[in-house]
Novice: 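Once you've had a glance at the structure underneath, I'll fire off some questions.
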Amino acid sequence: MFPQSDAPAAADLPILAGLNAEQRAAVTLPPEHALILAGAGSGKTRVLTTRIAWLLQTGQVSPGGVLAVTFTNKAAKEMVARLTAMLPLNVRGMWIGTFHGLCNRFLRAHHKLAGLPQAFQILDTQDQLSAIKRLCKQFQVDEERYPPKQLQWFIAGCKEDGLRPGDVEVRDAEIRRKVEIYQLYEDQCQREGVVDFGELMLRSYELLRDHDAVREHYRRRFRHVLIDEFQDTNRLQYAWIKIIAGLPAEGGGGAIMAVGDDDQSIYAFRGARVGNMADFVREFHVGHQIKLEQNYRSHSNILDSANQLISHNRRRLGKNLRTDAGAGEPVRVYEAPTDFAEAEWVVEELRQLVKGEGYERKEVAILYRSNAQSRVIETQLFNAGVPYRVYGGLRFFERAEVKHALAYLRLLENPRDDTSFLRVVNFPPRGIGARSIEQLQDAARAAGIALVDAVASLPGRAGANLSAFVAKVDVLREQTAGQTLREIIEAMLDASGLLEHYRADKDGADRVENLQELVNAAESFVTQEGFGRDAVALPLDETAEPTHGLTQSPVSQGLDPEAPLLDVLLPRAPLPVDVDTGETLSPLAAFLTHAALEAGDNQAQAGQDAVQLMTVHASKGLEFDAVFITGLEEGLFPHENSMSDHDGLEEERRLMYVAITRARKRLYLSHAQTRLLHGQTRYNLRSRFLEELPEEALKWITPRHGGFASIAPVSSTAHARPAWGHGAIDAQSLVGAPLPVRKTEPAHGGIRVGLQVFHNKFGEGRVLAVEGSGDDARAQVSFPRHGVKWLALAVAKLTIVD
DNA sequence: ACACGATTCGTTTTT
DNA sequence: CGAATCGTGT
């Protein structure tokens with residue numbers, strides 16, 4: 001019997017076509033909590049979006065019942081795009097967005113309960129730091145003992161752990177002081193009506209925690225909660241999910257589908273907790289765990305390398321990628337004498353790739369562990385005239401001139417925004433010096449008021465200048481009332497003198513351009529968000545049937561859980577809306593929010609066929625035909641700061657795993673014997689990660705010329721591991737390996753690789769390499785205190801330690 | 001107020 | 001080495 005044509009069996013829906021068994025299983029899981037372990041290149045986003053589409057199409061949920069959370073705007077946009085392509089359905093009723101974006105909307109809607117002005121502004125990391133610096137000056141915090149950067153880290157860390165100042169365990173005087181400053185910072189933010197990124201999350205969490213009606217409403221509403229990149233969630237984000245979905249013990253709520261990959265967890269340094277995955281399984285009694293192990297990206301030599309490498313990590317949930325693609329080409333490994341030569345080699349190889357083998361430049365990525373490493377490569381590329389693009393500089397909304405402009409705009413919205421006030425009070429310069437500002441700050445602090453409000457109390461010419469500034473902003477505010485966003489910004493650029501200032505600067509052309517670009521950004525914001533046409537009406541989504549028996553009643557009924565919050569909080573609605581009053585944000589305030597939450601692309605020179613340069617971190621989620629991973633050296637990758645502890649090393653290994661799995665067809669790995677770092681020449685051992693790859697998948701392409709013998713790896717007990725993948729470490733495999741291991745030469749006074757030696761000045765150390773002969777014989781020795789040195793055996797008096 | 005030397009300090013980063 | 005910040009001098 002065939003299923004009715006108008007009601008196809010759920011398993012036969014066209015959206016499911018082309019999915020493999022694992023993917024299909026994940027997509028069609030029953031509405032229970034589930035964890036999807038999605039390996040690199042396993043079609044994770046596809047599963048996520050198809051899951052949503054499937055739930056909708058089979059009538060298991062209405063758009064309003066879906067909550068899908070991502071980390072980046074890019075991921076959120078992609079999800080929306082794919083979903084709209086898949087279904088004729090309007091996605092408007094769904095909550096799809098980043099953690100911060102959704103929290104932002106939520107807080108605007110419930111701003112009264114959250115204790116915030118509806119038009120609160122968002123501090124980015126820069127703003128936060130300057131706010132802290134300002135506070136430190138004001139309260140005479142010793143910036144030597146408490147560097148603002150560290151305070152910022154402390155505060156952000158507390159919030160990520162869900163801790164308010166009162167919750168922090170005060171263990172010593174230093175922490176006590178930090179907590180005091182944390183409290184002062186909080187007071188300051190509250191007074192000025194601004195929130196930082198952590199605050200967006202924490203306030204939302206607390207609001208849900210403290211207001212039963214609100215919490216219950218959302219719990220009832222969201223039948224399905226989907227989380228992308230779950231391994232990157234921090235404590236607070238997981239707590240947020242728990243409270244919005246409801247733990248089983250608390251009566252439960254929506255079904256959670258957490259999608260993640262513990263092997264790609266590379267953000268522990270900023271609070272990400274892989275442990276959330278295990279906690280989730282335990283706390284939600286997760287019954288369904290599905291592994292997506294079929295990889296659609298890479299050839300098997302590449303995949304085998306990734307698998308072999310990551311198998312050296314102890315703490316894993318366990319997963320092995322497989323592919324139907326053939327072995328492909330071997331992974332090429334190159335050892336260069338210097339970082340300079342390494343870069344030369346990359347450029348040469350790249351040229352071959354593009355000219356000889358028809359690779360597109362933009363399909364080639366050059367990866368490195370830290371940004372500083374890009375310089376040498378850039379120089380080489382530049383000299384060779386190869387177009388390239390570096391990811392990860394300043395983004396559009398972070399540029400100084402744009403931030404200045406935004407500060408003026410913020411003052412129009414909220415004159416009490418002291419951060420913005422200070423940013424532009426004397427920019428462009430208008431004769432308001434540090435002295436005047438200090439006076440003003442003193443006055444404001446004494447009276448407990450905002451800087452603008454203290455201006456009137458200042459006498460003399462200082463007061464006059466300041467008053468002129470305030471008046472200027474006030475006039476602009478009145479003038480632009482009711483104008484379109486574009487008109488407001490143009491008026492601001494003119495009245496503030498910003499445009500004029502940069503036009504007068506002979507080097508200001510770029511900045512002028514960026515300011516004009518700001519107008520365009522605003523314009524496209526207006527178009528995209530679509531509130532030029534619909535004004536501020538609250539369009540109900542016709543396709544979204546209320547599933548929970550919500551009756552439509554006036555918005556002003558407020559927090560009755562049965563009230564149509566659903567209708568108010570549509571994420572694609574023009575502007576966030578106050579649930580009590582129906583008030584919306586001004587387009588300007590909305591644009592400012594957008595600017596804070598979405599820092600914009602890097603200077604995207606899209607269209608250009610350029611090689612992509614980026615850190616390994618930045619490469620996560622991307623893929624390329626060919627990938628170079630450079631600087632594979634001990635101390636660099638793995639980074640020295642991460643080498644001391646086991647967890648740090650495992651994260652570095654995951655980072656390497658991410659890097660390897662970016663490559664589709666071809667992978668190059670390289671390291672340099674010598675590298676200029678901090679102005680000093682460093683001799684680095686090659687990375688242990690190279691030794692953790694399957695030798696049969698590798699091909700060493702280093703030309704064997706005499707002078708630069710490579711350094712035999714020294715297996716120490718510090719990291720217990722099978723050095724060559726299979727089996728234990730044995731001399732046989734070391735010698736037989738296809739690595740250009742230099743055979744130790746007979747007579748060097750008995751100095752051989754691996755020996756422990758003693759030096760008069762440097763103490764005990766281990767011999768890493770020996771080369772040359774006779775009077776030229778040298779040994780590379782690693783000393784715990786003094787680092788790695790090359791020593792001339794004829795001069796240095798080395799004795800062998802037993 | 002600004003310019004210039006002296007200094008310090010160097011992972012990874014999204015929102 | 002090179003940037004980013006700091007302090008002094010004019």
Side-chain angles (χ1 to χ4, degrees), chain A residues 69-76 97-105 122-129 133 143-144 147-149 152-153 156 159-160 195-202 204 228-229 232-234 236-237 240 265-272 339-340 367-376 379 391-395 397-398 400 426-437 465 593-602 614-621 631 635-644 648 651-652 654-656 658-659 675-682:
Chain A
V69 202
T70 65
F71 272 88
T72 63
N73 291 302
K74 199 176 154 200
T98 64
F99 277 104
H100 298 271
L102 295 173
C103 285
N104 169 58
R105 188 164 284 272
I122 298 167
L123 298 184
D124 67 15
T125 317
Q126 286 177 32
D127 298 330
Q128 188 186 28
L129 186 61
K133 280 183 178 164
E143 295 192 27
E144 293 281 281
K149 279 245 173 64
Q152 182 180 27
W153 186 80
K159 291 191 182 187
E160 277 162 10
V195 302
D196 59 42
F197 288 129
E199 190 69 24
L200 282 172
M201 286 296 319
L202 184 50
S204 303
D228 192 17
E229 305 281 17
D232 287 339
T233 51
N234 62 37
L236 180 56
Q237 285 158 339
W240 185 87
S265 158
I266 56 172
Y267 286 110
F269 71 93
R270 67 173 198 219
D339 52 346
F340 188 84
L367 308 183
Y368 33 80
R369 173 66 236 266
S370 58
N371 285 305
Q373 289 168 250
S374 76
R375 177 169 292 280
V376 215
T379 312
Y391 275 75
L394 267 192
R395 283 163 317 166
F397 287 115
E398 290 167 355
N426 194 38
F427 195 93
R430 47 175 73 88
I432 299 172
R435 197 179 34 108
S436 314
I437 292 168
N465 282 344
T593 298
H594 167 82
L597 249 26
E598 214 170 321
D601 286 334
N602 295 321
M614 66 192 84
T615 63
V616 178
H617 280 95
S619 76
K620 188 172 163 213
L636 249 194
F637 197 1
H639 196 275
E640 51 193 346
N641 299 1
S642 317
M643 281 164 62
S644 47
E651 176 142 319
E652 293 289 305
R654 291 192 292 268
L655 202 46
M656 180 69 182
V658 167
R675 185 174 294 273
L676 211 55
L677 195 63
H678 304 337
Q680 282 194 327
T681 308
R682 298 239 325 220

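Side-chain atoms are counted along with the backbone in the values below, which use heavy atoms only and exclude waters and symmetry mates. This is a predicted model, so every value here is computed, not measured. All chains are named by letter (A, B, ...) in the order of the sequence lines, taking the proteins before the strands, and each is independently numbered beginning at 1.
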Novice: For Thr98(A), what residues pass the side chain to side chain contact (heavy atoms under 4.5 Å, CB included) criterion, not counting sequence neighbours?
Specialist: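 For Thr98(A), the residues satisfying side chain to side chain contact (heavy atoms under 4.5 Å, CB included) (neighbours in sequence not counted) are Thr70(A), Asn73(A), His100(A).
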Novice: Measure all distances between protein nitrogen or oxygen atoms and nitrogen or oxygen atoms of nucleotides 7-11 of chain B, and list the pairs falling under 3.5 Å.
Specialist:
from	atom 1	to	atom 2	distance (Å)
dT11(B)	O4'	His639(A)	NE2	3.3

Novice: Counting only distance, no hydrogens or angles, is the base of dT13(B) paired donor-acceptor with the side chain of Thr615(A) under 3.5 Å?
Specialist: no
Novice: Using whole Å, what does the distance between atom P of nucleotide dT14(B) and atom CG of Asn104(A) come to?
Specialist: 19 Å
Novice: Tell me: NZ of Lys74(A) to P of dT15(B), nearest whole Å?
Specialist: 10 Å
Novice: With Glu398(A), which residues qualify under side-chain hydrogen bond (donor to acceptor under 3.5 Å, both in side chains), at least two apart?
Specialist: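 Here the qualifying residues are Arg395(A).
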Novice: Are the side chains of Phe71(A) and Thr233(A) in contact, using a 4.5 Å heavy-atom criterion?
Specialist: yes
Novice: Could you tell me whether Ile432(A) contacts a base, only the sugar-phosphate backbone, or nothing, with contacts defined as non-hydrogen atoms closer than 4.0 Å?
Specialist: sugar-phosphate
Novice: Taking any heavy-atom pair under 4.0 Å as a contact, classify Tyr267(A): base, sugar-phosphate, or nothing.
Specialist: sugar-phosphate
Novice: Sequence neighbours left out, what passes side chain to side chain contact (heavy atoms under 4.5 Å, CB included) with Ala595(A)? Give chain and number order.
Specialist: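 Ala595(A): side chain to side chain contact (heavy atoms under 4.5 Å, CB included) contacts with Phe397(A), Leu406(A).
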Novice: Under a 4.0 Å N-O cut-off, is there an ion pair linking Arg369(A) with Glu652(A)?
Specialist: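 A salt bridge links Arg369(A) with Glu652(A).
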Novice: With syn defined as a glycosidic angle within 90° of 0 and anti as the rest, where does dT7(B) land?
Specialist: anti
Novice: Round to the nearest Å and state the distance from Glu398(A) atom CD to dT15(B) atom P.
Specialist: 9 Å
Novice: What integer distance in Å separates Leu394(A):CG from dT14(B):P?
Specialist: 12 Å
Novice: Between P on dT15(B) and CZ on Phe397(A), what's the gap in Å once rounded to a whole number?
Specialist: 13 Å
Novice: Evaluate the side-chain proximity of Leu367(A) to Met614(A): yes if any heavy-atom separation is below 4.5 Å, no if none is.
Specialist: yes
Novice: Check side chain to side chain contact (heavy atoms under 4.5 Å, CB included) between Leu129(A) and all other residues, then give those that pass, not counting sequence neighbours.
Specialist: Lys133(A), Pro148(A), Lys149(A), Gln152(A)
Novice: List in chain and number order the residues that pass ring pair (Phe, Tyr, Trp, His ring centres under 6.0 Å) with His617(A), two or more places apart in sequence or in another chain; answer none if no residue qualifies.
Specialist: Tyr267(A), Phe269(A)
Novice: Looking only at atom C1', what distance separates dT11(B) and dC6(C), rounded to whole Å?
Specialist: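 The same atom, C1', in both gives a distance of 24 Å.
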Novice: Find the distance His100(A):NE2 to dT13(B):C1' and express it as a whole number of Å.
Specialist: 12 Å
Novice: Tell me the stems DNA chain B sits in, counting at least three consecutive Watson-Crick or G-U wobble pairs, each under 3.5 Å on both distances.
Specialist: B:1-10 with C:1-10
Novice: Could you pull out all residues at least two apart from Glu598(A) that satisfy salt bridge (Lys or Arg N to Asp or Glu O under 4.0 Å)?
Specialist: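 Partners of Glu598(A) by the salt bridge (Lys or Arg N to Asp or Glu O under 4.0 Å) criterion, ordered by chain and then number, come out as Lys77(A).
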Novice: Write down the protein N/O and nucleotide N/O pairs, taken from nucleotides 3-10 of chain C, whose separation is under 3.5 Å; answer none if there are no such pairs.
Specialist:
from	atom 1	to	atom 2	distance (Å)
dA3(C)	OP1	Arg375(A)	NH2	3.2

Novice: OP1 or OP2 of dT15(B) sitting under 4.0 Å from any side-chain N/O of Arg395(A)?
Specialist: yes
Novice: Atom CZ of Arg654(A) to atom P of dT12(B): distance rounded to whole Å?
Specialist: 18 Å
Novice: What pairs with Ser370(A) under side-chain hydrogen bond (donor to acceptor under 3.5 Å, both in side chains), at least two apart in sequence or on another chain?
Specialist: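 Once residues adjacent in sequence are excluded, the partners of Ser370(A) under the side-chain hydrogen bond (donor to acceptor under 3.5 Å, both in side chains) criterion are Gln373(A).
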Novice: Round to the nearest Å and state the distance from Asp339(A) atom CG to dC1(C) atom P.
Specialist: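 Atom CG in Asp339(A) sits about 13 Å away from atom P in dC1(C).
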Novice: Touch check for Leu676(A), heavy atoms < 4.0 angstrom, all strands: base, sugar-phosphate only, or nothing?
Specialist: nothing
Novice: Could you state the interatomic distance from CD (Gln237(A)) to CG (Asn234(A)), rounded to the nearest 0.5 Å?
Specialist: 3.5 Å
Novice: Could you say whether Asn426(A) or Leu597(A) is positioned toward the 5' end of DNA chain B, judged by the nucleotide with the nearest heavy atom to each?
Specialist: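 Nearest-nucleotide comparison on DNA chain B picks Asn426(A).
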Novice: Just jot down the side-chain hydrogen bond (donor to acceptor under 3.5 Å, both in side chains) partners of Thr615(A), sequence neighbours excluded, or say none.
Specialist: none
Novice: Quick one: side chain to side chain contact (heavy atoms under 4.5 Å, CB included) partners of Ile122(A), sequence neighbours excluded?
Specialist: Asn104(A), Arg108(A), Phe120(A), Val195(A), Phe197(A), Leu200(A), Thr593(A), Ala596(A), Leu597(A)
Novice: Between dA4(C) and dT13(B), how far is it from one P atom to the other, in whole Å?
Specialist: 15 Å
Novice: Over all strands shown, is Asp196(A) touching base, sugar-phosphate only, or nothing at heavy-atom distances under 4.0 angstrom?
Specialist: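 Contact class for Asp196(A): none.
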